[in-house]
Amino acid sequence: MPLVAGVDSSTQSCKVVVRDAETGALVRQGRAPHPPGTEVDPYAWWNALRAAVAEAGGLADVAAVSVGGQQHGMVCLDEAGEVVRPALLWNDTRSADAARDLVEEAGGGEIGRRFWADATGAVPVASFTATKLRWLARHEPANADRVAAVCLPHDWLTWKLAGAPGLAALRTDRGDASGTGYWSPHTGEYRFDLLERAFGRRIRVPVVLGPAEVAGRLDPAVLGDVPPGPGSGAVGPSGPSAGAADGPGAGGVLLGPGTGDNAAAALGVGAGPGDVVVSIGTSGTVFAVADTPAADATGAVAGFADAGGRFLPLVATLNAARVLDAAATLLGVDLDTLGELALSAPPGADGLVLVPYLEGERTPNRPDATGTLHGLTLATSNPAHLARAAVEGLLCGLADGLDALLAQGARADRIILVGGGARSAAVRRIAPQVFGRPVVVPPPGEYVADGAARQAAWVALGGDTPPDWSIGDTEEYTATPVPTIRERYAHARG
Ligand SMILES: Nc1ncnc2c1ncn2[C@@H]1O[C@H](COP(=O)(O)OP(=O)(O)O)[C@@H](O)[C@H]1O
Ligand SMILES: O=C(CO)[C@@H](O)[C@H](O)COP(=O)(O)O
């Protein structure tokens, strides 16, 4: 019974699962939190990963491990492999002007957007790595001068697991490369000209691996020392090397290519043709697995690649599960009570609408927006209506994403709801009212980590496709659609 491990280094935490490579049965797991903020020292992720791995019983007995990670984050390394500055994350909007400039420089308006959509699959917004590089070049020239290589969170963690063996050993995959803004899903190649256009000069980027290619081998020494606690700050360029024995698997654990968290989730739930996955994590994402790359010049749909050799047209919002957190904080209740309150108010919350742009917004592209509450009356000024408006508001943003995806030719025979927010009964029950279609919810789980583990099993076992793993019994939620929820929301968001 070979074992494999999958890691989800996402925005709020790191999760590790160890599963049976052939059956997918869960053997053990661990997790550790990440620090808050949109700018994070990558060593905080590294410490969290090591803590989560330790909680999951280590990796000594696994055949392979893959890392799934939050997309787009800019990790800059100098010639010696040192991190140049804290990483700017996907939800950091300081590079919004840089995104606008890059579109302008390509002809502006429809011409500029079409250029980028055709060249890289997506129109630049502040989330994408290319815009962050432009920001760095303009705002921190001394740091920019030190940069020898740029990679993404999952690339860096994979490299760290390999013992950080020099910049030439950096590896990534199609899925995460497609979120950089300087890789083409159409050709499967880097657009070094666009990297240079964004940053001003050419720097090293990771080699892009195919879906089940080996990225290297785990250096068992790097996991030998359990860190004092996640987020505890830098521990040096290569991390502590206690040199502790790592068991019989020492030196033999394969590293998979890893991928971005959404592509990993697609593998984790086994999404196929006709499936649309809606993930409610820190980000809200709506995506499908497709046979051809998307190139949406409106900028709503990002034409990413997936982790299985196909494509992953995706819409992302900046405001999802944390809208629930914020509403719960406002009301002074926990998330379960928030859900109960939401379900106690009528559909549509009697006209109370929350446009939840609490972190600005990416789709639509309004990086400087703030949240607004519409329709406040004496009758709607109570916790239940506010809770309902919060759940409906976050779901309306995702329903807009679903429309955009369908407009690009995606099919939605089945909508699969995952992510931390899908643990909310209110979200699960209100979603079909807002989407106007049933949703299916797999058993609560860590589908990004699971997808990474499935990729690791593919690497370990070989073959043309990943092993078939069951996700267990899904639950279907149906409800009568309530179109007024979206109509009022559309009016309020403008
Ligand atoms: N029972 C629950 N009800 C509602 N939301 C929940 C529940 N459990 C977790 N969450 C939400 O899940 C979010 C984290 O989701 P997750 O998918 O792990 O995020 P990420 O992958 O971005 O780190 C939290 O912001 C929290 O609001
Ligand atoms: O930016 C995107 C997708 O384009 C986000 O989906 C990030 O990949 C972060 O994901 P979570 O941590 O919220 O799961």
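In each ligand, atom 1 is the first atom listed, and ligand 1 is the first ligand listed. Position 1 is the first residue of the sequence; numbering continues from there. In this text, all values refer to a predicted model and were calculated from it rather than measured experimentally.
Backbone and side-chain nitrogen or oxygen atoms of Thr11 are examined, and one is located within less than 3.5 angstrom of a nitrogen or oxygen of ligand 2. Close N/O approach between Thr282 and ligand 1 is found [any backbone or side-chain N/O within under 3.5 Å]. Where the criterion is an N or O separation shorter than 3.5 Å, residue side chain and backbone included, Asp8 fails it with respect to ligand 1. Annotation: Thr285 places no N or O atom under 3.5 Å from an N or O atom of ligand 2; distance criterion only. Between Asn262 and ligand 2, at least one pair of N/O atoms sits closer than 3.5 Å. For ligand 1, the polar-atom distance check finds an N/O of Lys15 within less than 3.5 Å of one of the ligand's N/O atoms. Between His72 and ligand 2, at least one pair of N/O atoms sits closer than 3.5 Å. Residue Ser10 has at least one nitrogen or oxygen atom sitting less than 3.5 Å from a nitrogen or oxygen atom of ligand 1, judged on distance alone. Backbone and side-chain nitrogen or oxygen atoms of Gly420 are examined, and one is located within less than 3.5 angstrom of a nitrogen or oxygen of ligand 1.
With hydrogens and angles left out, the side-chain atoms of Tyr477 and Arg429 include no donor and acceptor closer than 3.5 Å. Side-chain polar atoms of Glu189 and Ser184 form no donor-acceptor pair below 3.5 angstrom. Side chain to side chain, Asp334 and Thr337 meet the donor-acceptor criterion of an N or O pair below 3.5 Å. A donor atom on one side chain and an acceptor atom on the other are not found under 3.5 Å apart for Asn319 and Thr317.
Formation of a donor-acceptor pair under 3.5 Å by the Asp261 side chain with backbone atoms of Ala264 is not found in this model. Not one N or O on the side chain of Asn91 forms a donor-acceptor pair closer than 3.5 Å with the backbone of Leu318.
Counting atoms of ligand 2 from 1 in the listed order, those under 4.0 Å from a heavy atom of Arg362 are 1 (O), 2 (C), 3 (C), 4 (O). Within ligand 1, counting atoms from 1 as listed, the ones closer than 4.0 Å to a heavy atom of Ser424 are 3 (N), 4 (C). Numbered from 1 in the order shown, with element, the atoms of ligand 2 that lie under 4.0 Å from a heavy atom of Phe304 read 4 (O).
Ligand 1 does not have Glu446 within reach: every non-hydrogen atom of the residue lies 4.0 Å or more from it.
Tested against Thr259, the residues Asp173, Thr172, Asp176 include a single side chain to side chain donor-acceptor pair (under 3.5 Å) partner, Asp173.
Nearest heavy-atom pair across Val459 and Pro257 is CG2-CD, 3.9 Å.
For atom 25 (O) of ligand 1, the nearest non-hydrogen atom from the set Asp325, Asp336, Val427 belongs to Asp325. The option with the heavy atom closest to atom 13 (C) of ligand 1, from among Ala426, Pro33, Ala321, Pro444, is Ala321.
Counting protein heavy atoms only, atom 14 (O) of ligand 2 is closest to Asp261 OD2, 2.9 Å. Nearest protein heavy-atom neighbour of atom 5 (C) of ligand 2: Ser283 OG, 3.3 Å. Among all non-hydrogen protein atoms, the one lying nearest atom 2 (C) of ligand 1 is Arg423 CB, 3.8 Å. Scanning all protein heavy atoms for the shortest distance to atom 14 (C) of ligand 1 gives Gln12 NE2, 3.8 Å.
Within the 4.0 Å heavy-atom criterion, the part of Leu335 lying near ligand 1 is the side chain and not the backbone.
Separation of atoms CG (Leu417) and CD1 (Ile280) is listed at 4.5 Å; rounding is to 0.5 Å. Expressed to the nearest 0.5 Å, how far CG of Leu395 lies from CD1 of Ile430 amounts to 7.0 Å.
Inter-residue side-chain proximity for Glu213 and Trp458 is flagged as unmet; no heavy-atom pair is nearer than 4.5 Å. Using a 4.5 Å cut-off on side-chain heavy atoms (C-beta onward), Thr370 and Tyr357 make no contact.
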